[in-house]
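In what follows, chains are A, B, ... by sequence order, proteins preceding strands, each numbered from 1.
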Protein chains: 2
Amino acid sequence: MVVRRADVARLAGTSPAVVSYVLNGGPRTVAPATRARVLAAVESLGYRPNGVARSLRMNKTMTLGLVVPDTANPYFAELARAIEEAAFAHGYTLLIGNGAEDDERQTAYVRTFLQRQIDGLFLVPAHGTPSCLPDLERARTPWITLDRQVAGTTDIPAVLVDNRGGARTATEHLLEHGRRRIACIAGPEDVYPATDRVAGWRDAIADAGLPAAETSVLNVPFGRHPGYVAARRVLSERIVDAIFTASDEQALGALRAVTELGLRCPDDVAITSFDGIAAAAYATPALTTMSQPFGELGRVAVSRLLTRITDPEGDTGISVLPVQLTARGSCGCPDPPGGDSNDDPAGAATSEEAERADT
Amino acid sequence: MVVRRADVARLAGTSPAVVSYVLNGGPRTVAPATRARVLAAVESLGYRPNGVARSLRMNKTMTLGLVVPDTANPYFAELARAIEEAAFAHGYTLLIGNGAEDDERQTAYVRTFLQRQIDGLFLVPAHGTPSCLPDLERARTPWITLDRQVAGTTDIPAVLVDNRGGARTATEHLLEHGRRRIACIAGPEDVYPATDRVAGWRDAIADAGLPAAETSVLNVPFGRHPGYVAARRVLSERIVDAIFTASDEQALGALRAVTELGLRCPDDVAITSFDGIAAAAYATPALTTMSQPFGELGRVAVSRLLTRITDPEGDTGISVLPVQLTARGSCGCPDPPGGDSNDDPAGAATSEEAERADT
DNA sequence: TTGTATGCGTTATCAC
DNA sequence: GTGATAACGCATACAA
């Protein structure tokens, strides 16, 4: 509109094609003198290539889509930041969508993104079977699932963490502290990581030879408020001495419930949870939680998606990353001073080639 | 690539142009019979228009850019969600960038976004004078500032909240509780909302006829950890009975510091803060804070930016939205049960026409 | 009412 | 080493 490539060519006394060669460093070589003239013209005119035209021609947008169930949820916010970090390092930009735990809206975003010709998609599927599956199938756009699997499928590429093992570790840690009546505040019944985390809790309970108190499993949404409500219920109805929650957010809510009921954490009720969001380190007491490797998650997810972009059939497995017990005060361990987390959820860049294909 | 408009036209026994007319509902009318054939062909082939080609032709992308200093920070996460919500309602999609409080990176994002021909940009400028200003100037892409103003400027369209008035209210509330030695944990010295919030604190202190204890102002970054460190320092070095913090995140850190030092909040140290993020309602005690109208912020920002897209010269002022005191336990008010916040930071949709220009 | 043709700004393939 | 030219897929003005 304002200044096109042809203008640059004219000023530099050459042809538009040559301008491209200079700016893109190829595919053909250009004489140093011409090159200098082109660069000068670009500078003086303030020419900036039109990315849309380029995308149309190149058939790639250098844009990745990310659809999560709730952008404002700290866990997804940290996950998004990690993805963004890794994508940026590879020269990709992120289109972000808030599915709002609603299939219809999630599908609306996926469709819009597909239409905008994103090169690849990260999806944290809402509960149930996403109605956008057919669209994704037809579009041939590489996509990969994050944090959750699509219900009932096992052949869709995914990057997950060891939910079952982590939940088991978290529960065992409560057992080691001598707790015996451990309730489980789980996620929604039909959401993948919830079921696996419940399974891990069950594993630990069973191994300890404890009765599987089914009534001690509360299926509520992830999030502070559901955690708060569930904790109030389980604490007033049952005699428990510990709670394992499926998310830090729920744990934060539970912590609040414990205090409101005049109980003390960890003395009366110990808590361990899952995720390792930054806020967990600043609660009082600080939360003992299974920390997810956000930085690694982002790097693996981006790296795998990019692989699938160049080779749509390749890299089709499921990555399961380990989680790590971060012992703090809520389980009964000594409570370290605030801010023991490294405060850098996205992690530092790795030695991977950081290539920015876009100029 | 897979299925083009021409394919649809062929199957429907008509021309590509007609396909456009049907899909876009204009600009020309088409016979019902033809229309039906086209629709059937679209359905059976699963044709989806290429948004990139459309953008090139139409010279608009239906995409808005949002660059914030830190995506993972809960305040910006809630702000982003509000923007996303409002943009979605208008059929716009959000390209999101994490400036990481770093001018260079912020500029990199702005440039990339501009190159991708976004229709408009929301910028939460990092401290100092952004080096992307010339780019924005040349690009003629409408943009608007959120939460902060560009240092030293007053003619750039912005959507802000009443930082000074809010800070004053928060501080006065502490005074009403009988506190007299009120420290101020501020943001970085050169960031707009920080200076205004300090000014508000100063207003209240001065009006109360109290000495302006300059040493009681601590300029630290927003964020939990800085708040924690600052609180530890101010609590051990000085005798204070209250703290006003410039952000909820800092307050959360401060709360942790209070507890670690064996003090009680609000008994020994009362706290009020600023922002009204969801987490504030679940701290123990829950934070008394100046709640920002996230939903309204998003709607106003989007609405104003869209206005500027249709009329680049119009709507060039600065919006200042009011903030509201949310009294909870940390100031000494009765602590309501957890989850008193409506848990819907983005707010419900208004009666504004929700138009989705994209199909 | 419908088919044809041109241009959006770029990259890449041609001859030169 | 360089200049013209054909796509990319769409929207629309124009001729039929």
Student: In whole Å, I'd like the distance from the CG atom of N59(A) to the C1' atom of dA12(C).
Tutor: 14 Å

Student: So does R54(B) get a side-chain nitrogen or oxygen closer than 4.0 Å to the phosphate oxygens (OP1/OP2) of dA11(D)?
Tutor: yes

Student: Quick one: Q117(B) CD to dG9(C) P, roughly how many Å, whole number?
Tutor: 9 Å

Student: Any luck finding a side-chain donor-acceptor pair between T107(A) and S131(A) under 3.5 Å?
Tutor: yes

Student: Using a cutoff of under 3.5 Å, can you pull out all pairs of nitrogen or oxygen atoms linking the protein to nucleotides 3-7 of chain C, with atom names and distances?
Tutor:
residue, atom, partner, partner atom, Å
dG3(C), OP2, T14(B), OG1, 2.7
dG3(C), OP2, S15(B), N, 3.2
dG3(C), O6, R28(B), NH1, 3.1
dG3(C), O6, R28(B), NH2, 3.1
dG7(C), N2, R57(B), NE, 3.1

Student: Can a donor-acceptor pair be found between the side chains of Y109(A) and E84(B) at a distance below 3.5 Å?
Tutor: yes

Student: Any Lys/Arg nitrogen of D315(B) or R308(B) sitting under 4.0 Å from an Asp/Glu carboxylate oxygen of the other?
Tutor: no

Student: Cut-off 3.5 Å, side chains only: do R116(B) and T63(B) have a donor facing an acceptor?
Tutor: no

Student: OP1 or OP2 of dG9(D) less than 4.0 angstrom from a side-chain nitrogen or oxygen of Y47(B), does that happen here?
Tutor: no

Student: Starting at CG of L56(B) and ending at C1' of dA7(D), how long is that distance when rounded to a whole Å?
Tutor: 13 Å

Student: Check V300(A) against S319(A) and note the closest heavy-atom contact, atom names and distance.
Tutor: CG1-OG, 4.0 Å

Student: Looking only at the side chain of N50(A) (C-beta and beyond, no hydrogens), which of the listed nucleotides dT10(C), dG9(D), dA12(C) gets closest?
Tutor: dT10(C)

Student: Enumerate the salt bridge (charged side-chain N to carboxylate O under 4.0 Å, His left out) contacts for residues 92-103 of chain B, please, sequence neighbours excluded, ordered by first and then second residue.
Tutor: E101(B)-R148(B)

